[in-house]
A.B. asks: 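My structure is below; once you've seen it, I'll send some questions.
FYI, side chains are in, hydrogens and waters are out, and symmetry mates aren't considered; it's all heavy atoms of this structure. The chains referred to below are lettered A, B, ... by the order of the sequence lines, with proteins before strands, and numbering in each begins at 1.
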Amino acid sequence: MNIEPWFLRALIGGIGIALVVGPLGCFVVWRRMAYFGDSLAHSALLGITLGLLTGIGVDPATIIVCGLFAVLLVWLQSLRILAADTLLGILAHASLSIGLIAASLLKTVRLNVTDYLFGNVLSVTNSDLMWIYGSGVLALFLMIFLWRSLILTTLHEDMARAEGVNAFAVNLCFMALMTIVIAVSSRIIGILLITSLLVIPAATARAFVRSPEGMAVLAGVLGVLSVCGGLYGSLRFDFPPGPSIVVTATIIFALLLPMMLLVRNKK
Amino acid sequence: MTEPLISAENLSIIRRGKRILKDISLSVSAGEFVTIIGPNGAGKTVLLHTLMGLIKPDKGSVTRKHGLKIGYMPQRFTPETTMPITVARFLALVRGVDKNAIDNALELVNAVDVAQRSLSVLSGGELQRVMLARALLHKPDILILDEPTQGLDVGGQLSFHKLLENVYSSLGCAVVMVSHDLHLVLASTGKVVCLFHHICCSGKPSAVAKDPQFTSLFGEDMTRMMAVYQHNHTREHEHEY
């Protein structure tokens, strides 16, 4: 079988995303921030549109918009006027709707919104690959560098602070990590689907490991398997690639579910 | 006179226009055992956080001895069930500890058998002993414990305080503890500080129990209960010696 270059790019890009999103997804699960990540991804559409409109490029614009959105979210949460999930419910869909309206106003470029909402990993370009691997290496490096502080802050913020961890800086770095990774990968996997790649591999890995590091590595591996399986399904049966990846991840989860229950009962 | 480990002078904390703490002056010397009591919302946790330097006082000052090592047990530590982590690994997150130190700390709190267990499956009593071991791994000059027996049944409270007493007498570090188990802590505590935004009264347990401020804060029943336990405790010691 000879591999087309566009398929090879999709494979390399997808694997790169999965390797970063897997470990990051563990923190999303531990910190119960799945909905936060989802909201962040929703704001990406506005970033993409602004990127095309202003000509500064899709990736930088998305990172800026997602970053501003994250700051807004954290600030509104700190006011404590609404429960966190209510607030996210408002902002996630508001930002998606604003993005959709902005996209409809684009006159010069016709934006295929569906491609962004549900991803089109098959159209990954070389410049996308550079963004994926550039941001990915940066994100992994940050995660490894901050690992102990991130784990401590996740377990108990005051305890971490009492031990000299600058919890504010650590949380800020974590936000930056999430922003960059989601901004770069949501467009490719799908704005509405990226959360599943954060959550499903991490959730699947949980039962089979005994350490946070183990969970991060296994989540990365399961993410890569999902990408490979999903792209195979996309190539073989002409499934849309984003949903195909998510369904593969879900099938892996479902197949391992009986074993998860078995492992849990043994503990 | 030796320098106190931690001393607070006229410290005040104001949040949203309300004074959470008002003119607190307090010092803890090496080897001292201080118990902070007070109703819910009295500012006990805020006081501990300010003493540790997690919160900056709005007025007044807190001085900690240079290089002071603190072992801290936070209030209500509930391990995240979605994070897989064993007790041994959790303890290894303390900077600069090796396996030996972890084994020793677990031995000190009678919890060697839980080392390889998952943190999230521990019982309340086991978890509190692990948290104490973690605090001890910092080789503390002072232990700061925020309601360490919260959520434990009476048996669990009793055995935790017994353990703490052993640790205290064998290690000789100072202890500052917030606790509601008045009748149980009187045995070990040298000094009681009764807090309700300000220090209502402080001193030896017997003196505090007689203070009218204490009675007005906790009611007659509590005062009587304390007096009874105080009395019993003294008698026990008469038998011992």
A.B. asks: Counting N and O atoms only, with roles assigned by atom type, does the side chain of B:Arg89 sit under 3.5 Å from a partner on the main chain of A:Arg210, one being a donor and the other an acceptor?
C.D. replies: no
A.B. asks: Only pairs of heavy atoms separated by less than 4.5 Å count here; which of B:Leu119, B:Val94, B:Thr81 has the most with chain A?
C.D. replies: B:Thr81
A.B. asks: Would you check if A:His156 and B:Met131 make a side-chain contact, meaning some heavy-atom pair closer than 4.5 Å?
C.D. replies: no
A.B. asks: Using heavy-atom distances under 4.5 Å, tell me whether A:Arg31 contacts chain B through its side chain, its backbone, both, or neither.
C.D. replies: neither
A.B. asks: Checking side chain to side chain contact (heavy atoms under 4.5 Å, CB included) for the pair A:Arg161/B:Met52: CA distance, chi angles, key distance, verdict?
C.D. replies: CA-CA 10 Å; A:Arg161 289 179 62 213; B:Met52 281 189 291; over 6 Å; no
A.B. asks: Side-chain contact test, heavy atoms from C-beta onward, threshold under 4.5 Å: evaluate it for A:Asp158 versus B:Gln75 and give yes or no.
C.D. replies: no
A.B. asks: Identify which of A:Ala202, A:Gly164, A:Pro212 forms the greatest number of heavy-atom pairs closer than 4.5 Å to chain B.
C.D. replies: A:Pro212
A.B. asks: If you take all heavy atoms of A:Trp30 and B:Thr82, which pair is closest and at what distance?
C.D. replies: NE1-O, 3.0 Å
A.B. asks: I'd like to verify something: which residue of B:Leu93, B:Leu54, B:Ile85 has the highest number of heavy-atom pairs under 4.5 Å with chain A?
C.D. replies: B:Leu54
A.B. asks: Non-hydrogen atoms of chain A under 4.5 Å away: do they reach the side chain of B:Thr45, the backbone, both or neither?
C.D. replies: neither
A.B. asks: Would a 4.5 Å heavy-atom cut-off, applied to side chains only, mark A:Thr154 and B:Met83 as touching?
C.D. replies: yes
A.B. asks: Which one, A:Glu163, A:Met215, A:Glu213, leads in non-hydrogen pairs under 4.5 Å with chain B?
C.D. replies: A:Glu163
A.B. asks: Side-chain contact test, heavy atoms from C-beta onward, threshold under 4.5 Å: evaluate it for A:Arg148 versus B:Arg95 and give yes or no.
C.D. replies: yes
A.B. asks: Determine whether more than 12 heavy atoms belonging to other residues, nucleotides or ligands lie under 6.0 Å from atom NZ of B:Lys65.
C.D. replies: no
A.B. asks: Please report the shortest heavy-atom distance between B:Arg134 and A:Leu152, naming the atom on each side.
C.D. replies: NH2-CD2, 3.2 Å
